[in-house]
Engineer: 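So that we are looking at the same thing, I have put the structure below in C-alpha cells.
Convention: sequence-line order gives letters A, B, ...; per-chain numbering from 1. Computed from a prediction, not measured in an experiment: that's the story for all the values here.
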Amino acid sequence: MDIYSFEGLIKKALRECLQILEVSESVKVLLTKESFGDFTINIAFKLAKVFKKSPKLVADDLINCIKTDLIESISNVNGYINIKVSSKFYSEFVKSLLEKRENYFILENNGNSIQVEFVSANPTGPLHVGNGRGGIIGDTIARVLETRGCRVQREYYVNDAGSKMDLFAESVLYFYLKRFGIEKSLSDEGYKGEYIKDIADKIYEVFKDKFLNYDNDSVIEAFKNIGVFLLFGKVREETDDIKVLKQSTSFKIESILKTLKRFGVSFDNIFFESSLYEGVDVEVDPTLKLKEKLTKVLLDLLNKGYIYKSDGAYYFKATLFNDDKDRVLVRSTGEPTYTLTDIAYHIDKFNRGYSKVIDVWGQDHFGHVATMKALLKASNIDPDFLDVVLYQVVHLFEDGVEVMMSKHTGKFYTLSELINEVQKDAARFFFLMKSVDTHLNFDINLAKKQSVDNPVYYLQYTYARLHNIIEEAKKRGTVFDDIENVFTKASFNEVERVILNKIFYLNSVLDDISVDYSIHRIPNYALDLAENINHFYQNYPVLKEENVLNRTKRYLIVQVSLVALSFLFDLMGIEKKERM
RNA sequence: GCGCCUGUAGCUCAAUGGAUAGAGCAAUGGCCUCCGGAGCCAUUUAUAGGAGUUCAAUUCUCCUCAGGCGCGCCA
C-alpha cells in the first residue's frame, strides 16, 4: 500500500459521490501537523464556490462519502478534512515497505525517456566550484527522474570547437613558443592561468620542437585536441598526438571527467560540438558553404522565411517567436555562431527520440533560453520539449573575503581542490541544500572544518546509531513478537506516527520534485526526518524496552526508518555509514 | 533603460496558495546506572516597504527600494 493507492481510494469515493470528475481527480492528500491528524484534504475550499455552500458544509458532505478501513477517523475542522489513519493502514504500509525495501520509492517504468544535459563546461580549464553546483543539480535531477520510472540519459556537451577553443589554443601556443624564446603576441582576452603554462610545458616535454614548423592552423588544431584531452579527459578523435600523450602519464591537472567522477557524477554520453562539423561542405546559397549538419538546419529555417541577411551575416528572426532581438546564426566571415551549433545540437537531441530534454545552465546563460526556445519553435519542435534549469552563482568566501573566480586571470578555486578538502559527501550535500534560485555562499573555512556544523554528519550519525540497534539486537539475541500483533494489539504513538507518515509521504514529495526540479527539498526532507528519528531514539529506547510488544513496535520504526534513510543517501549520492 | 532571479531570526537557509512561518549555527540553561552525547529537551528573535486578487498570501498581480545576472557577428 502506498500514497497512490490511498489517494486512489479517496478519489474514487469522491468521484462516485460527487459526480464531478475533474475535481475529484485534482484531490491531493497532504501531510499535516500531528495536532490535526495524519493527513488532510483541502478540496472543500475549492468546491465551496461550485456548490455555493460554505467550505464547512461541503466538507460535511464529503466526509460521508469517504469510507475505508484504512481510515480510523475523519473530521471536519472549518472545511479542512482531517484524516487519522487506522492500524490497518500502518499494517499494510509497513509490510509493503519492508517487503520492497528501497524499491518502495522506485516506481515502475513509465515509458518516458528523458535526457539531462549538465556541466558542459568549456574544456579550457579545470572545473571551478560553480561547475560543481551544476553537476550536483543535473545529477540529482537525473536520479530523481529515475526513481519516478523514467529512463534517463546524462549527457555532457563538450564545446571543443568555436572561438573560445581557438583562443585557448593560441594561449597555449604563446607559452609553448616562449619555451623557445619566441615572443608571440597574445590578446588581452587570452587565457593566462598557470595550467595553460602546464599544458605548454607538457607539450614541450613530450613533443619537443615538433610543432615549431607547423603552419598556424595546423598547430592550433593540434593544440586544441591536446588541450581537450588533457583538461577534459577524452577527445572525439584520437590522433597520433593523443596516442603518444597517453604513454606519458604525468600531468598535474586532474581532468574534468575524473574530477566529476570523484564527485560522484558520471555521464552516459559525451557529445562533442566538433561532431557537428563532420562531413562535407554543402552549399547554403552561392555565397555560403557550411558543413552538412549545420547547412541542413539553416536551410530549413531559410526555406521557412525565418532568415535574412544583413551586413553579410545571416540573422534568424527570433523576434517572431518572443525573443528580444534577432540572432546571428552565421557571421559575415562565414563562420557559424554558437547559436547555430546549439540549435543543431538540440535538434539532434530531438531526433534521438527523448520525450523531454532538461538543460542545466548557469544563470549567466539566461539570455540564451528565449533564443533556443524560439529556434525550436521555428524548427517545428514544441518549445516545452526543452526545460532549462538555471542556477544562481556560487560565491566563494575565504577568511570572510570573497574569492573572485576567473579562468582568464587564473585565480580560482577548483572543484578538485574543494573535494580534496571537504570530502565528496559534504560538498554534494552543501550544494544540494539550497534552492537553485538562491545565490549560494560557500564558506570555505566552514566547509573545511568537517565538524558538527556540517549537517551531513548529523544524517550519517542518525543512520549509524539506528543501524547499531539492528546489530545489537542480533548480538544480544533480543526476542521480538510477531509483527502482526503490533498492528492488532498495539498502536503507534504520535512520535512514531509522524515518522511513518513522513516516510509514507516521500513518494509524493519525489513526484513534486520531478515536476519542478526543486531538488533542494531532498536534503531538507532528510534532515527533517532525521530530526524526528533522533527525537524518537532519545525518548523511546528499543532494546531496553521490557514490554515485548512495544519493543517490537519500536523495532519496526527503526527498520522502516533505515530503509527510508538508506534510499535518501543513495538518492543524494552520499555514503551511508554503519559506523563513524 | 528593458528582462530574469533574490530579499524571511544576529548568520546560512526552509515552508504543493492553507491552520500557530520552521531548521541549523550562534547565545543561555538542563539531560549519559547510555540501543552511539556527532544526540535530546527548554528559552530568545523574522516574512524589505506599499497597494491588490482570494474563504485563505512568505507564496499570485502591480508599484517602490536593495543586491545579483543577462541584454555580443562570445560561448
Engineer: Rounding to the closest angstrom, what is the interatomic distance between B:rG7 and B:rU47 at atom P?
Structural biologist: 14 Å
Engineer: Would you indicate what A:Leu30 reaches in the nucleic acid, counting non-hydrogen atoms under 4.0 angstrom: base, sugar-phosphate, or nothing?
Structural biologist: base
Engineer: Go ahead and name the base partner of B:rC60; Watson-Crick or wobble counts if both distances stay under 3.5 Å, otherwise write none.
Structural biologist: B:rG52
Engineer: With hydrogens left out and only the distance checked, is there a donor-acceptor pair under 3.5 Å joining A:Asp511's side chain and the base of B:rU16?
Structural biologist: no
Engineer: Taking any strand in view, what nucleotide pairs with B:rC65 in a Watson-Crick or G-U wobble way, both distances under 3.5 Å?
Structural biologist: B:rG7
Engineer: Under a 3.5 Å limit for both distances, which nucleotide forms a Watson-Crick or G-U wobble pair with B:rA42, could you say?
Structural biologist: B:rU28
Engineer: Of the nucleotides B:rA75, B:rA15, B:rG72, which has the atom closest to the A:Arg521 side chain?
Structural biologist: B:rA15
Engineer: Assign A:Tyr314 to base, sugar-phosphate, or nothing according to its heavy-atom contacts below 4.0 angstrom with the strands shown.
Structural biologist: nothing
Engineer: Which one, B:rC74, B:rC40, B:rC34, comes nearest to the side chain of A:Tyr458?
Structural biologist: B:rC40
Engineer: For a quick check of understanding: with a heavy-atom distance under 4.0 Å over all strands, which category does A:Ala370 fall into, base, sugar-phosphate or nothing?
Structural biologist: nothing
Engineer: Between N or O atoms, less than 3.5 Å apart, protein on one side and nucleotides 41-49 of chain B on the other: list the pairs.
Structural biologist:
from	atom 1	to	atom 2	distance (Å)
B:rC41	OP1	A:His535	ND1	2.6

Engineer: Could you give the distance separating B:rA56 and B:rC60 at their C1' atoms, to the nearest angstrom?
Structural biologist: 13 Å
Engineer: With centres under 5.5 Å and planes under 30°, do A:His439 and B:rG68 count as stacked?
Structural biologist: no
Engineer: Looking at B:rC74, B:rA19, B:rG36, which one has an atom nearest to any side-chain atom of A:Arg579?
Structural biologist: B:rG36
Engineer: When you measure from the side chain of A:Arg465, which nucleotide among B:rG39, B:rC5, B:rG22 comes out closest?
Structural biologist: B:rG39
Engineer: Where the side chain of A:Ser435 is defined as all heavy atoms beyond and including C-beta, which of B:rA14, B:rA75, B:rG36 is the nearest nucleotide?
Structural biologist: B:rA14
Engineer: Is any N or O donor-acceptor pair between the side chain of A:Lys544 and the base of B:rC35 shorter than 3.5 Å?
Structural biologist: no
Engineer: Can you tell me how the ring of A:Trp361 sits relative to the ring of A:His346, calling it parallel under 30°, perpendicular over 60° and tilted otherwise?
Structural biologist: perpendicular
Engineer: Would you mind classifying the nucleic acid contact of A:Asp516 as base, sugar-phosphate or nothing, using non-hydrogen atoms under 4.0 angstrom?
Structural biologist: nothing
Engineer: Checking all strands, does A:Asp364 fall into the base, sugar-phosphate, or nothing category for heavy-atom contacts under 4.0 angstrom?
Structural biologist: sugar-phosphate
Engineer: Planes under 30° and centres closer than 5.5 Å, is that true for A:Phe36 with the base of B:rA19?
Structural biologist: yes
Engineer: Using a cut-off of less than 4.0 Å, is there contact between a side-chain N or O of A:Lys49 and OP1 or OP2 of B:rC55?
Structural biologist: yes
Engineer: Among B:rG36, B:rC5, B:rC13, which nucleotide has an atom closest to any side-chain atom of A:Asp437?
Structural biologist: B:rC5
Engineer: Check if the side chain of A:Asp324 and the base of B:rG3 share a donor-acceptor pair of N or O atoms closer than 3.5 Å.
Structural biologist: no
Engineer: Can you tell me, in whole Å, how much space there is between the C1' of B:rG30 and that of B:rC35?
Structural biologist: 23 Å
Engineer: Using 30° and 60° as the class boundaries, would you call the ring planes of A:Phe272 and A:Phe232 parallel, tilted or perpendicular?
Structural biologist: perpendicular
Engineer: For B:rC13 versus B:rU8, give the span between their P atoms, rounded off to a whole number of Å.
Structural biologist: 9 Å
Engineer: Which listed nucleotide (B:rG18, B:rC35, B:rA14) is nearest to the side chain of A:Phe45?
Structural biologist: B:rG18
Engineer: Starting the side chain at C-beta, find the nucleotide from B:rA19, B:rG36, B:rC4 nearest to A:Gln363.
Structural biologist: B:rC4
Engineer: When syn is taken as a glycosidic angle within 90 degrees of 0, is B:rC32 syn or anti?
Structural biologist: syn
Engineer: Testing A:His365, A:His368, A:Lys349 one by one against A:Asp359 for a side-chain hydrogen bond (donor to acceptor under 3.5 Å, both in side chains), which residue passes?
Structural biologist: A:Lys349
Engineer: Expressed as a whole number of Å, how far does the P atom of B:rU53 sit from that of B:rU59?
Structural biologist: 15 Å
Engineer: Could you measure between the two C1' atoms, the one in B:rA38 and the one in B:rG24, and give it in whole Å?
Structural biologist: 14 Å
Engineer: A quick test of your reading: do over 12 heavy atoms of other residues, nucleotides or ligands sit less than 6.0 Å from NZ of A:Lys309?
Structural biologist: yes
Engineer: According to the interplanar angle, ranging from 0 to 90°, do the rings of A:Phe6 and A:Phe39 count as parallel (below 30°), tilted (30 to 60°) or perpendicular (above 60°)?
Structural biologist: tilted
Engineer: Please state the P separation for the pair B:rA27 and B:rG67 - nearest whole angstrom.
Structural biologist: 32 Å
Engineer: Between A:Phe223 and A:Phe168, does the ring centre distance come in under 6.0 Å?
Structural biologist: no
Engineer: Please report the distance separating the P of B:rA23 from the corresponding atom of B:rA9, rounded so that it comes out in whole Å.
Structural biologist: 16 Å
Engineer: Give one of base, sugar-phosphate or nothing for A:Glu545, where a contact means two heavy atoms less than 4.0 Å apart.
Structural biologist: nothing
Engineer: Between A:Tyr80 and A:Phe36, does the ring centroid distance fall short of 6.0 Å?
Structural biologist: no
Engineer: Taking the six-membered ring for Trp, does A:Tyr461 stack with B:rG39 (centroid gap under 5.5 Å, planes within less than 30°)?
Structural biologist: no
Engineer: Does B:rC74 have a Watson-Crick or wobble mate here (both distances under 3.5 Å), and if so which one?
Structural biologist: none
Engineer: From the set B:rA75, B:rG70, B:rG72, return the single nucleotide nearest to any side-chain atom of A:Asn159.
Structural biologist: B:rA75
Engineer: Nearest to the side chain of A:Asn441, which nucleotide is it out of B:rC13, B:rA19, B:rC71?
Structural biologist: B:rC13
